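See below for the structure under consideration.
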Amino acid sequence: MSDQVVTRFAPSPTGYLHIGGGRTALFNWLFARGRGGKFLLRIEDTDRERSTPEATAAILKGLTWLGLDWDGEVVSQFARKDRHAEVAHQMLDRGTAYKCFSTAAEIEAFREAEKARGVSYPVFLSPWRDADPATYPDAPYVIRMKAPRAGQTVIRDTVQGDVTIQNATLDDMIVLRSDGTPTYMLAVVVDDHDMGVTHVIRGDDHLNNAARQQIVYDAMGWTVPVWAHIPLIHGPDGKKLSKRHGATGVEEYQAMGYPAAGMRNYLTRLGWAHGDAEIFSSEEAMKMFSLEGIGRAPARLDFKKLENTCGHHISMMPDAALLQELEAFLAAAGQPALTDSQRGLLSRALYCVKDRAKTFPELVEKARFALISRPVVPDEAAAKSLDAVSRGILKSLTPRLQNASWTKDALESILTDVAAEHGMGFGKLAGPLRAALAGRSATPSVFDMMLVIGRDETIARLEEASA
RNA sequence: GGCCCGUUCGUCUAUCGGUUAGGACACCAGGUUUUCAACCUGGGAAGAGGGGUUCGACUCCCCUACGGGCUGCCA
């Protein structure tokens, strides 16, 4: 018997990867990876009407972008339908399930009638539960689990605590549909058991389901996994996160230019805490992560904090990795790829822009000075600082830069000297320089810009601006 | 409607009966500066409401309010 941790993420492929699903996957991943366990991926595609291969691809893509790698092959739940049916029949043999010949129309009619009578929660009690097989008609049937009618089922949840459900409120869930396909309630249990899942970490929208699933575990004599039902993510207004809040799919976050490491960090802290830890790598998160640290209340998405977290990660990232992810972002956002020379320039510029950007678009904007080619067209604010006097000063500057030693210290002393000669502080000179070098009024340090683009380009831009 | 879960600064959270209720983001003020960002210093800011239990409750129990989830031959 191995006590290795096995977790899984089990999305249904009906759309893109929701940010909440991404966080669920992240928690499962952190928990497994931090304990030397396995993190498995299963696609819950038993609903043939709604499942699409495109959605599956989108989900895998989202997980991959987030950097959540799974162990082994992706399991298709639908592909295991024969195994599910086998278990349903074993339940039949064990007497923990029965054939029910009630039609959908009959059940619907029953519910309507009960509601009309004022029964708020009509629990359908199948007349076939204890019927004599001799009376079975030759008709389609479903297999229902024989759930206990009395007593209670207790879910021992690591996050929510002990949750007690009265069995009387549970009906005999269908485990196998009349067409022989399994329902979710059966399939999850069979798959989790067969895959050796030890910890079920999922959204708390499944909390009530856990009671029914536990009944299936008991019916088969299987070990119940450790439950951990985590609260959902809400929009900034506290309502369930939906389209109208903006981004709900993880690919939208990628397109907005958030680095994956920052995303992971932010999402980890959303609904989970470990003392005062705020900014950390995924490796550190794995060491700290525990189910006990998960909060019980739904958390709201805060884009400001997301940005702040991402800013820390951008500045911490090694240049090579940063450049690589930036290029992936450009591709994902449908922007033109970098040319070889732009890539070279950008990697030289990173050191002076990475501390000032929170997202990739911001990083590109800050590094604009390095990527543009002449003529440098100043924007309105920059144009204002390029008056006649300033242009004259810039012109007088170029000869002195010709022979200057191209270091920050040397440049600084030349420029402060020039400014002094014109009876001004360096601050006065910095504006025109920015305008000439970058065409903007807000840029990285002028010295850094000169260092990055080099002597020839610097002089060319100054001459152009002062012409 | 019924059942289940939740509720600490605006937001994410720490606290696991005894704290001036801590941190982070955001915000405000000041500083630094070569613009922006960053950074530094300081500031305002919270236990939903009401009952208990206890020498003592944010912490335990009950009620109310509010929010969320579930209530399918969906997952």
Side-chain angles (χ1 to χ4, degrees), chain A residues 10-14 44-47 49-51 77 100 102-104 107-108 111 115 118-123 140-144 155 157 159-161 163-166 168-171 173-179 181-185 187-188 203-211 229 231-232 234 236 238-240 266 269-279 292-293 295-309 311 315 353 355-358 362 366 381-382 385 412 415-416 419 425-431 433-435 438 440-447:
Chain A
S12 52
T14 54
E44 311 238 305
D45 51 359
T46 52
D47 184 343
E49 299 283 302
R50 301 198 301 163
S51 300
Q77 187 159 69
C100 170
S102 297
T103 64
I107 297 168
E108 182 56 28
R111 290 207 175 102
K115 274 182 189 164
V119 176
S120 51
Y121 181 62
V123 174
Y141 61 87
V142 299
I143 297 181
R144 288 182 183 274
I155 302 300
D157 193 283
V159 175
Q160 309 288 343
V163 178
T164 305
I165 314 273
Q166 298 303 319
T169 66
L170 265 24
D171 54 5
M173 286 296 296
I174 292 171
V175 291
L176 206 67
R177 299 186 186 104
S178 52
D179 65 358
T181 60
T183 60
Y184 164 76
M185 217 55 74
V188 242
D204 70 7
D205 49 336
H206 288 287
L207 184 55
N208 287 287
N209 291 333
H229 289 94
L232 271 18
H234 285 179
K239 301 289 183 189
K240 188 181 176 183
Y266 176 74
R269 271 293 283 107
L270 194 62
W272 173 88
H274 182 79
D276 287 341
E278 293 285 352
I279 302 298
E292 289 71 26
R296 281 162 294 280
R300 304 179 191 203
L301 222 42
D302 180 353
F303 283 87
K304 287 287 190 194
K305 186 152 184 174
L306 204 211
E307 278 183 15
N308 181 279
T309 303
S315 64
V353 294
D355 288 344
R356 340 163 79 94
K358 298 185 175 75
E362 221 178 298
K366 305 272 184 195
S385 54
E412 186 164 1
L415 293 179
T416 32
F426 172 67
K428 281 280 190 188
L429 183 55
L433 277 168
R434 273 195 195 86
R440 294 284 125 103
S441 54
T443 72
S445 152
V446 295
F447 308 117

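Only a predicted model underlies this, so the values are computations on that prediction, with no experimental measurement involved. We name chains A, B, ... by the order of the sequence lines, and we start the count at 1 in each one.
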Inset, instruction - Assign A:Pro231 to base, sugar-phosphate, or nothing according to its heavy-atom contacts below 4.0 angstrom with the strands shown. - result: nothing
Inset, instruction - Could you please name the option among B:rC73, B:rA75, B:rG6 that lies closest to any side-chain atom of A:Tyr184? - result: B:rA75
Legend entry - Least distance between heavy atoms, A:Ala168 atom then A:Val123 atom: O-CG2, 4.0 Å
Inset, instruction - Take A:Leu301 and A:Phe426, find for each the nucleotide of RNA chain B with the closest heavy atom, and name the residue whose nucleotide sits nearer the 5' end. - result: A:Leu301
Inset, instruction - May I ask you to say what A:Thr183 touches in the nucleic acid, namely base, sugar-phosphate or nothing, with a heavy-atom cut-off under 4.0 Å? - result: sugar-phosphate
Legend entry - Flag, side chain of A:Thr183 to backbone of A:Leu176, donor-acceptor distance under 3.5 Å: no
Inset, instruction - Tell me what A:Thr14 touches on the nucleic acid: a base, only sugar-phosphate, or nothing, going by heavy atoms under 4.0 Å. - result: nothing
Inset, instruction - From the options B:rA75, B:rU13, B:rU7, select the nucleotide whose nearest atom is closest to the side chain of A:Ala297. - result: B:rU7
Legend entry - A:Asp302 (side chain) and B:rA26 (base): donor-acceptor pair under 3.5 Å: no
Legend entry - Base-pairing assignment for B:rU54 (Watson-Crick or G-U wobble, both under 3.5 Å): none
Inset, instruction - Look at all strands and tell whether A:Ser102 reaches a base, only sugar-phosphate, or nothing, counting heavy atoms closer than 4.0 Å. - result: base
Inset, instruction - To the nearest Å, give me how far apart CG (A:Asp179) and P (B:rC73) are. - result: 13 Å
Legend entry - A:Asp45 side chain to A:Gln77 backbone, donor-acceptor under 3.5 Å: yes
Legend entry - Side chain A:Tyr141, main chain A:Ser102, donor-acceptor under 3.5 Å: no
Legend entry - Ion pair A:Glu44/A:Arg50, N-O distance below 4.0 Å: no
Legend entry - Under 3.5 Å donor-acceptor pair, A:Arg296 side-chain atoms to B:rC5 base atoms: no
Inset, instruction - Scan every strand shown for a Watson-Crick or G-U wobble partner of B:rU20, both distances under 3.5 Å, and answer none if you come up empty. - result: none
Inset, instruction - Taking only the side-chain heavy atoms of A:Asp205 (C-beta and beyond), determine which of B:rU35, B:rG69, B:rG22 contains the nearest atom. - result: B:rG69
Inset, instruction - Could you check how far NE2 of A:His206 sits from C1' of B:rC4, rounded to whole Å? - result: 15 Å
Inset, instruction - Please measure how far the P atom in B:rU15 lies from the corresponding atom in B:rG23, and state the result in whole Å. - result: 15 Å
Legend entry - Residue A:Asp47, side-chain atoms from C-beta onward, closest of B:rA75, B:rA37, B:rC73: B:rA75
Inset, instruction - State whether the side chain of A:Arg440 and the backbone N or O of A:Lys366 hold a donor-acceptor pair below 3.5 Å, judged by distance alone. - result: no
Legend entry - B:rC39 OP1/OP2 closer than 4.0 Å to side-chain N/O of A:Arg356: no
Legend entry - A:Leu415 CG to A:Phe426 CZ distance, which is reported to the nearest 0.5 Å: 5.5 Å
Legend entry - No-H, no-angle donor-acceptor pair, A:Lys305 side chain to B:rA26 base, under 3.5 Å: no
Inset, instruction - Would you indicate what A:Val446 reaches in the nucleic acid, counting non-hydrogen atoms under 4.0 angstrom: base, sugar-phosphate, or nothing? - result: base
Inset, instruction - Would you mind classifying the nucleic acid contact of A:Gln160 as base, sugar-phosphate or nothing, using non-hydrogen atoms under 4.0 angstrom? - result: sugar-phosphate
Legend entry - Distance test, side-chain N/O of A:Asn308 to OP1/OP2 of B:rA26, below 4.0 Å: yes
Legend entry - Side-chain N,O (A:Ser51) to OP1/OP2 (B:rA75) below 4.0 Å: no
Inset, instruction - Taking atom C1' in both B:rG67 and B:rU35, compute the distance separating them and give it to the nearest angstrom. - result: 46 Å
Inset, instruction - Tell me which of A:Trp272 and A:Glu362 sits closer to the 5' end of RNA chain B, going by the nucleotide each one is nearest to. - result: A:Trp272
Inset, instruction - Could you check whether A:Ala273 gets within reach of a base, just the sugar-phosphate, or nothing at all, counting any heavy atom under 4.0 Å? - result: sugar-phosphate
Legend entry - Separation between the C1' atoms of B:rU32 and B:rG42, rounded to whole Å: 15 Å
Inset, instruction - Scan every strand shown for a Watson-Crick or G-U wobble partner of B:rA46, both distances under 3.5 Å, and answer none if you come up empty. - result: none
Legend entry - P-based separation of B:rG18 from B:rC25 [nearest Å]: 28 Å
Legend entry - Base B:rC73 paired with A:Ser178 side chain (donor-acceptor, <3.5 Å): yes
Legend entry - Under 3.5 Å on both distances, the Watson-Crick or G-U partner of B:rG67: B:rC5
Inset, instruction - Tell me which nucleotide among B:rA75, B:rC4, B:rG72 gets nearest to the side chain of A:Val163. - result: B:rC4
Legend entry - Side-chain N,O (A:Lys358) to OP1/OP2 (B:rA38) below 4.0 Å: yes
Legend entry - Shortest non-hydrogen contact between A:Asp302 and A:Tyr266, atoms and distance: N-OH, 2.7 Å
Inset, instruction - Write down the distance separating the P atoms in B:rA29 and B:rC63, rounded off to the nearest Å. - result: 47 Å
Inset, instruction - Name the nucleic acid region contacted by A:Asn209, choosing base, sugar-phosphate or nothing; use a 4.0 angstrom heavy-atom cut-off, strictly under. - result: base
Inset, instruction - Check for a donor-acceptor pair, side chain of A:Asp157 on one end and backbone N or O of A:His229 on the other, with a separation under 3.5 Å. - result: yes
Inset, instruction - Looking at every strand, decide which applies to A:Arg440 at a 4.0 Å heavy-atom threshold: base, sugar-phosphate, or nothing. - result: nothing
Inset, instruction - Mind checking A:Ile174 for me? I need base, sugar-phosphate or nothing, with any heavy atom below 4.0 Å counting as a touch. - result: base
Inset, instruction - Can you tell me, in whole Å, how much space there is between the P of B:rU7 and that of B:rA48? - result: 9 Å
Inset, instruction - Could you let me know what B:rG30 is paired to, Watson-Crick or G-U wobble, both distances under 3.5 Å, or none if it's on its own? - result: B:rC40
Inset, instruction - Determine the Euclidean distance between corresponding P atoms of B:rC39 and B:rG1; express it in Å to zero decimal places. - result: 49 Å
Legend entry - B:rG6 to B:rU59 separation - P atoms, rounded to the nearest Å: 14 Å
Inset, instruction - Describe the nucleic acid contact of A:Gly271 in one word from base, sugar-phosphate, nothing, applying a heavy-atom distance below 4.0 Å. - result: sugar-phosphate
Inset, instruction - Counting heavy atoms from C-beta on, name the nucleotide in B:rA26, B:rC70, B:rU7 closest to the side chain of A:Asn208. - result: B:rC70
